[in-house]
Amino acid sequence: MDIKWLRTFIISAKYENFREASEELFLTQPAVTKHIKRLEESLNIQLFERIGKKVVLTPAGHKFLSYARELISNYEQGMQDFEAWKQGYNRKLIIAAAPQVASSFLPALLRRFMDENPNIEVLINVLSSFEIGNVISLGKADLGLTRILPVQTNVKAETVHKESVILVGPNESSLDENIALHKYRVITHNHPDYWDDFLNEIKRHYPNVQTMKVNQVEVTKRFIEEGLGVSYLPLTVVKEEIASKRLVEIKPDKIIRPTSSTYLLTKAATDEVLIFIEFLKRFIPF
């Protein structure tokens, strides 16, 4: 039995159409038909009933579908584990990280962690902060680094970092808060936690301020560099741009700025999770 036949069977079962299956699999339709025929011959049973151009699963096809999915899943997991072993890993840690974390302090943190733990394979899944709690709850990642607290009751959350949020603008001399908020739009909603309430604070002091929503930090920074606006961002997110003078920090005047927290989310305390937490306590004091 060929693993390709199983993949073809699963996709064909999804569409109940060999033409659509061939498009997803980047195969010709005759190749799909051949794979199904070979699989049926191997199992000595019919998996699809042909009704004109449409195909439907037989009772045997329905029964075999769950087995096929499990076989594919085990095969792919086995190949991943074998590839990790070839690279010298005997452990794995899956981290779900928010974009604001992944693009700020996480790279330096991971470099030190992997230097100290060369036998742990680290996989990073960058997701929005709103998705991470659910991913941890479902066991699809070992730990999460997010900017918001989870709503899932089976997920444990700890604050691991708290930092200042600063007003940043393009590299222009003589910018203060008053000038910046009258001259430029405020780019908002690039952080999942503080913007809804904080915008009211800005408008209380500057009621005529113009705003523009941009939901990604990296895009926000690029827009600011091009003079499209100013924004309030966590210090770690803009530290490099300020050091290289691509952006400037604008000192506060009337507006009380929020803080930004990073939360560590966990569900099961595996050995790898405990190793990472102990490392994190040394790298970023709780």
Side-chain angles (χ1 to χ4, degrees), residues 80 84 87-152 154-166 168 190-194 216-218 220-221 231-247 249 257-286:
Q80 289 175 16
Q87 295 180 37
Y89 301 121
N90 56 31
R91 294 178 169 187
K92 182 187 294 186
L93 181 68
I94 303 175
I95 299 174
Q100 300 92 341
V101 175
S103 63
S104 55
F105 65 83
L106 185 59
L109 184 148
L110 285 179
R111 183 177 64 249
R112 291 179 59 170
F113 178 77
M114 290 188 290
D115 285 345
E116 289 187 19
N117 301 275
N119 64 325
I120 298 179
E121 181 185 16
V122 180
L123 284 75
I124 304 298
N125 192 5
V126 179
L127 301 167
S128 75
S129 287
F130 298 102
E131 297 176 283
I132 291 175
N134 188 52
V135 166
I136 300 300
S137 176
L138 295 174
K140 295 181 178 180
D142 299 307
L143 60 86
L145 292 168
T146 176
R147 295 291 198 179
I148 60 172
L149 287 167
V151 297
Q152 290 77 14
N154 64 337
V155 173
K156 180 183 177 183
E158 288 184 80
T159 303
V160 295
H161 188 244
K162 188 171 284 191
E163 62 182 302
S164 301
V165 170
I166 63 173
V168 291
N190 37 45
H191 190 285
D193 187 35
Y194 54 73
Q216 291 196 17
V217 167
E218 293 304 312
T220 297
K221 292 191 289 185
S231 190
Y232 288 87
L233 295 169
L235 178 59
T236 56
V237 167
V238 292
K239 196 173 181 181
E240 182 180 324
E241 287 80 8
I242 290 173
S244 61
K245 301 187 185 306
R246 286 178 283 159
L247 300 177
E249 178 181 359
R257 299 171 298 172
T259 57
S260 172
S261 296
T262 300
Y263 303 99
L264 172 71
L265 308 188
T266 57
K267 181 182 177 184
T270 64
D271 289 343
E272 292 75 25
V273 166
L274 293 174
I275 290 169
F276 187 85
I277 291 174
E278 286 303 312
F279 168 83
L280 201 58
K281 287 179 179 178
R282 289 187 282 114
F283 190 83
I284 306 176
F286 281 56

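A quick note: this is a predicted structure, and the numbers were derived from the prediction, not measured.
In this structure, Asn117 and Phe276 have side chains that are not in contact, with every pair of non-hydrogen atoms separated by 4.5 Å or more. Using a 4.5 Å cut-off on side-chain heavy atoms (C-beta onward), Phe279 and Ile275 make no contact. Contact check for Ile136 versus Thr146: no side-chain heavy atoms found under the 4.5 Å cut-off.
With hydrogens and angles ignored, the 3.5 Å screen pairs no side-chain donor or acceptor of Thr259 with any backbone N or O of Lys162. A donor-acceptor pair under 3.5 Å links the side-chain atoms of Asp142 to the main chain of Ile94, judged by distance alone. For the pair Glu163 (side chain) and Thr236 (backbone), a donor-acceptor distance under 3.5 Å is present. Between the Lys221 side chain and the Val237 main chain, a donor and an acceptor come within less than 3.5 Å of each other. The main-chain N or O of Glu121 is never found under 3.5 Å from a side-chain atom of Glu272 such that the two would form a donor-acceptor pair.
With values rounded to the nearest 0.5 angstrom, Leu280 atom CG is found 7.0 Å from Leu145 atom CG. A distance of 7.5 Å separates CG in Leu109 from CD1 in Ile95, rounded to the nearest 0.5 Å. To the nearest 0.5 Å, the span separating NZ on Lys140 from CD on Glu131 amounts to 10.5 Å.
Screening Ser261, Ser260, Ser128 for a side chain to side chain donor-acceptor pair (under 3.5 Å) involving Arg147 leaves a single residue, Ser260.
Between Glu116 and Arg282, at least one side-chain nitrogen of the basic residue sits less than 4.0 Å from a carboxylate oxygen of the acidic one, meeting the salt-bridge criterion.
Scanning all heavy atoms of the two residues, the minimum distance from Val126 to Ala98 falls at CG1-C, 4.4 Å. What you find for Pro150 and Gly133 is that their closest heavy atoms are CB-CA, 4.1 Å. For the pair Ser231 and Thr220, the tightest heavy-atom approach, listed with the atom from each and the gap, is CB-CG2, 3.8 Å. What you find for Phe283 and Ala108 is that their closest heavy atoms are CZ-C, 4.3 Å.
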Identify each donor-acceptor pair in which a side-chain atom of residues 263-271 lies under 3.5 Å from a protein atom, sequence neighbours left out, and give them as a table.
from   : atom 1 : to     : atom 2 : distance (Å)
Lys267 : NZ     : Ser137 : O      : 2.7
Thr270 : OG1    : Val273 : N      : 3.2

Step by step, work out the side chain to side chain contact (heavy atoms under 4.5 Å, CB included) result for Ile132 and Asn125.
CA-CA 9 Å; Ile132 291 175; Asn125 192 5; over 6 Å; no

Any chance you could lay out the side chain to side chain contact (heavy atoms under 4.5 Å, CB included) test for Leu247 and Leu233, step after step, and finish with the verdict?
CA-CA 12 Å; Leu247 300 177; Leu233 295 169; 5.7 Å; no

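Taking the six-membered ring for Trp and thresholds of 30 and 60 degrees, Tyr194 and His191 have nearly parallel ring planes, at less than 30 degrees apart.
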